[in-house]
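All heavy atoms count here, side chains included; hydrogens, waters and symmetry mates do not. Residue numbers start from 1 in every chain, and the chains themselves are labelled A, B, ... in the order their sequence lines are given, proteins ahead of strands.
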There are 2 protein chains.
Amino acid sequence: MAPQPPKALKPRKTPAQSRSRVTVDAIFEATIQVLLSRGMAGLTTTSVAERAGVSVGTMYQYFPNKQSLVHALNDRFLTALAERVEGTCARMRAQPLAEAAEALIDTYWAVKTERVELTQALYRSVAELDNDALMHAFAARVDRATTAMFREAADLPAHDASRLNLLLTTVIYGAVRNAFERGLDPEEISGLKSDLKAMCRAHLASVGR
Amino acid sequence: MAPQPPKALKPRKTPAQSRSRVTVDAIFEATIQVLLSRGMAGLTTTSVAERAGVSVGTMYQYFPNKQSLVHALNDRFLTALAERVEGTCARMRAQPLAEAAEALIDTYWAVKTERVELTQALYRSVAELDNDALMHAFAARVDRATTAMFREAADLPAHDASRLNLLLTTVIYGAVRNAFERGLDPEEISGLKSDLKAMCRAHLASVGR
DNA sequence: CCCAAATGTGAATGATCCTTCATATAATCG
DNA sequence: CGATTATATGAAGGATCATTCACATTTGGG
């Protein structure tokens with residue numbers, strides 16, 4: 001992957017009047033809808049503008065290029081997700097490890113369930129636009145929260161916390177994503193969720209004192 | 001994701017003379033190299049042809065369009081992967097569950113390790129070109145092999161095999177993929193691998209009789 | 001009510017790139 | 001060796017799109 005000529009990703013201008021705030025929101029919403037209906041390949045500046053009911057030029061008032069639009073969308077989503085995870089971690093502080101792990105699974109599972117297609121579309125968009133930096137920043141932020149949660153768990157064994165964190169987060173994120181990428185029926189999905197919890201519990205019991 | 005006008009994905013013509021077999025191989029190899037060096041965005045028909053040392057027209061003798069080229073590449077890779085997994089499953093037939101699971105982990109881990117960048121690039125290309133059909137066919141094929149392996153394990157508990165298979169494969173595939181997507185040092189990676197094995201073992205022990 | 005700043009418009013530009021086809025060269029075989 | 005088939009060439013066609021910019025409209029404060 002050769003380094004692309006670095007493009008501006010920051011918004012070009014921040015809305016000042018309320019009129020423009022509406023516009024920017026419409027653009028975001030349109031981006032999501034086009035992404036869902038036509039996929040990343042059909043996400044053209046024209047299609048987004050049309051759907052948003054604005055002209056192409058307007059888009060360029062707020063986003064220097066198409067890439068930055070998708071970047072901003074991912075940023076929004078990942079920030080919301082990070083906040084949710086942080087909330088869970090705060091709530092589960094000083095709780096038993098098994099409960100903490102289950103809560104983490106519940107949180108990710110809920111986010112996925114709420115917007116399966118969108119999360120998948122965003123995953124693809126990140127891959128397509130080389131927004132790895134965004135993903136890594138997000139991963140680091142979330143890792144901080146989960147590590148803290150596990151470190152302060154009620155029953156942390158001698159086992160070190162960051163190692164446990166790495167295992168649990170890798171397994172949980174990976175499994176949740178993979179679970180939804182196969183086209184499973186709701187039954188299988190929910191069975192999988194409780195089995196995943198059981199698996200984490202079993203492991204925690206085995207490394208526990 | 002709206003259904004794209006379905007494009008021909010099958011090769012246009014199968015090489016008859018040895019000269020053309022060389023050409024097709026060169027095209028595949030060039031595709032991999034361009035994919036690795038310039039990413040999916042830089043994968044143009046011209047760049048592939050140039051790298052392969054042939055003209056664009058030649059490519060179109062064997063592939064009806066760009067999409068089919070990437071499709072064929074993924075097909076090749078996934079078939080090889082499936083064969084390897086099937087090999088593992090055959091070898092591990094009638095072995096204890098824990099051994100079977102570990103062997104599966106080893107197999108995926110080995111494939112990933114051998115060609116990290118390529119597997120990641122191919123993942124992206126599949127997502128970008130909506131080749132989900134390919135992925136699902138592959139998943140089904142592999143599932144057949146692993147389910148059989150688990151079903152005939154030496155120590156299968158009352159627990160039904162397909163449920164166990166779903167959990168283990170989801171966790172293993174997901175975790176392996178996720179493990180390599182973060183930029184971990186070799187130490188962390190190898191630690192993660194043995195922890196993942198331990199986790200599977202713990203779960204199997206807990207559901208075991 | 002007026003004007004400077006903010007916001008919106010969309011045709012035109014220019015670049016990229018897939019794909020085709022008329023033509024050329026090489027292999028095969030009777 | 002001549003004819004048929006296989007393979008290779010690459011310039012030109014044509015379509016798609018991101019991006020710009022000169023100009024129009026709206027807003028809010030003075």
K.L.:
Nearest-Å distance, CG (B:Asn65) to P (C:dC17)?
P.N.:
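From B:Asn65 CG to C:dC17 P: 17 Å.
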K.L.:
In whole angstrom, give the distance that lies between atom CZ of B:Phe63 and atom C1' of D:dT7.
P.N.:
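The answer, rounded to whole Å, is 15 Å.
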K.L.:
Taking any heavy-atom pair under 4.0 Å as a contact, classify A:Thr44: base, sugar-phosphate, or nothing.
P.N.:
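The residue A:Thr44 makes sugar-phosphate contact but no base contact.
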K.L.:
Between A:Thr107 and A:Ala103 (side chain of the first, backbone of the second, donor and acceptor by atom type, cut-off under 3.5 Å), is there such a pair?
P.N.:
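Between the backbone of A:Ala103 and the side chain of A:Thr107 there is a qualifying donor-acceptor contact (under 3.5 Å).
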K.L.:
Do other residues, nucleotides or ligands put more than 12 heavy atoms under 6.0 Å from A:Glu114 CD?
P.N.:
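Yes, CD of A:Glu114 has more than 12 neighbouring heavy atoms, counting only those of other groups under 6.0 Å.
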K.L.:
Does some side-chain heavy atom of A:Val171 sit less than 4.5 Å from a side-chain heavy atom of B:Asp195?
P.N.:
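The answer is no, as the side chains (C-beta and beyond) never meet within the 4.5 Å cut-off.
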K.L.:
Determine, for B:Arg124 against A:Asp132, whether the closest basic-nitrogen to carboxylate-oxygen distance falls under 4.0 angstrom.
P.N.:
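Judged by the 4.0 Å cut-off on N to carboxylate O distance, B:Arg124 and A:Asp132 do form a salt bridge.
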K.L.:
Mind calculating the distance between OH (A:Tyr60) and P (D:dA22) to the nearest angstrom?
P.N.:
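After rounding, the reported distance stands at 17 Å.
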K.L.:
Output the residues of residues 50-57 of chain B in contact with DNA chain C, where contact means a heavy atom of the residue under 4.0 Å from an atom of the strand; sort by number or write none.
P.N.:
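Output list: B:Val56.
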K.L.:
Using the test side chain to side chain contact (heavy atoms under 4.5 Å, CB included), find all partners of A:Glu29 that sit at least two apart in sequence or belong to another chain.
P.N.:
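If we apply the side chain to side chain contact (heavy atoms under 4.5 Å, CB included) test to A:Glu29, skipping adjacent residues, the hits are A:Ile32, A:Gln33.
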K.L.:
Any side-chain donor paired with an acceptor under 3.5 Å for A:Lys66 and A:Thr45?
P.N.:
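Looking only at side-chain atoms, A:Thr45 and A:Lys66 do not form any donor-acceptor pair under 3.5 Å.
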K.L.:
On the nucleotide C:dG8, are OP1 or OP2 found under 4.0 Å from the side-chain N or O atoms that A:Tyr62 carries?
P.N.:
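For A:Tyr62, the contact criterion (side-chain N or O under 4.0 Å from OP1 or OP2 of C:dG8) is met.
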K.L.:
Return no unless some side-chain N or O of A:Thr46 is found under 4.0 Å from OP1 or OP2 of D:dC17.
P.N.:
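So the side-chain polar atoms of A:Thr46 never come under 4.0 Å of the phosphate oxygens OP1 or OP2 of D:dC17.
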K.L.:
If you look at every strand shown and take non-hydrogen atoms under 4.0 Å, does A:Leu69 touch a base, only sugar-phosphate, or nothing?
P.N.:
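Touches nothing.
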K.L.:
Within this structure, what is the CG-to-P distance between A:Leu43 and D:dC17, rounded to whole angstrom?
P.N.:
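Distance check: A:Leu43 CG to D:dC17 P gives 11 Å.
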K.L.:
Could you tell me whether A:Arg76 and A:Asp25 make a salt bridge, using a distance below 4.0 angstrom between a side-chain N and a carboxylate O?
P.N.:
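Answer for the salt bridge query: yes.
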K.L.:
Of the candidate nucleotides C:dT19, C:dT9, C:dA6, which contains the atom at the shortest distance from the side chain of B:Lys66?
P.N.:
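Of the candidates, C:dT19 comes closest.
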K.L.:
Which residues, if any, of residues 19-29 of chain B bring a heavy atom under 4.0 Å of DNA chain C?
P.N.:
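Those residues whose heavy atoms fall under 4.0 Å from DNA chain C, taken from residues 19-29 of chain B in numerical order, are B:Arg19.
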K.L.:
Between B:Phe28 and B:Phe77, does the ring centre distance come in under 6.0 Å?
P.N.:
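Centroid distance B:Phe28-B:Phe77: not below 6.0 Å, so no.
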K.L.:
With distance as the sole criterion, do the side chain of A:Gln17 and the base of C:dA6 form a donor-acceptor contact below 3.5 Å?
P.N.:
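Flag unset: no donor-acceptor pair detected.
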K.L.:
Tell me whether the side-chain N/O atoms of A:Thr58 come closer than 4.0 Å to OP1 or OP2 in C:dT9.
P.N.:
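Yes.
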K.L.:
For A:Gln67 and D:dC17, what is the distance between atoms CD and C1' respectively, to the nearest whole Å?
P.N.:
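My rounded result for the distance is 15 Å.
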K.L.:
For the pair made of CD in A:Gln61 and C1' in C:dA5, what is the distance, rounded to whole Å?
P.N.:
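Spelled out: CD on A:Gln61 to C1' on C:dA5 is 12 Å.
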K.L.:
Specify the separation, in whole Å, of atom CE of A:Met59 and atom C1' of C:dT9.
P.N.:
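Roughly 14 Å, once rounded to whole Å.
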K.L.:
Are any non-hydrogen side-chain atoms of B:Val85 and B:Cys89 less than 4.5 angstrom apart?
P.N.:
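With C-beta onward as the side chain, the pair touches.
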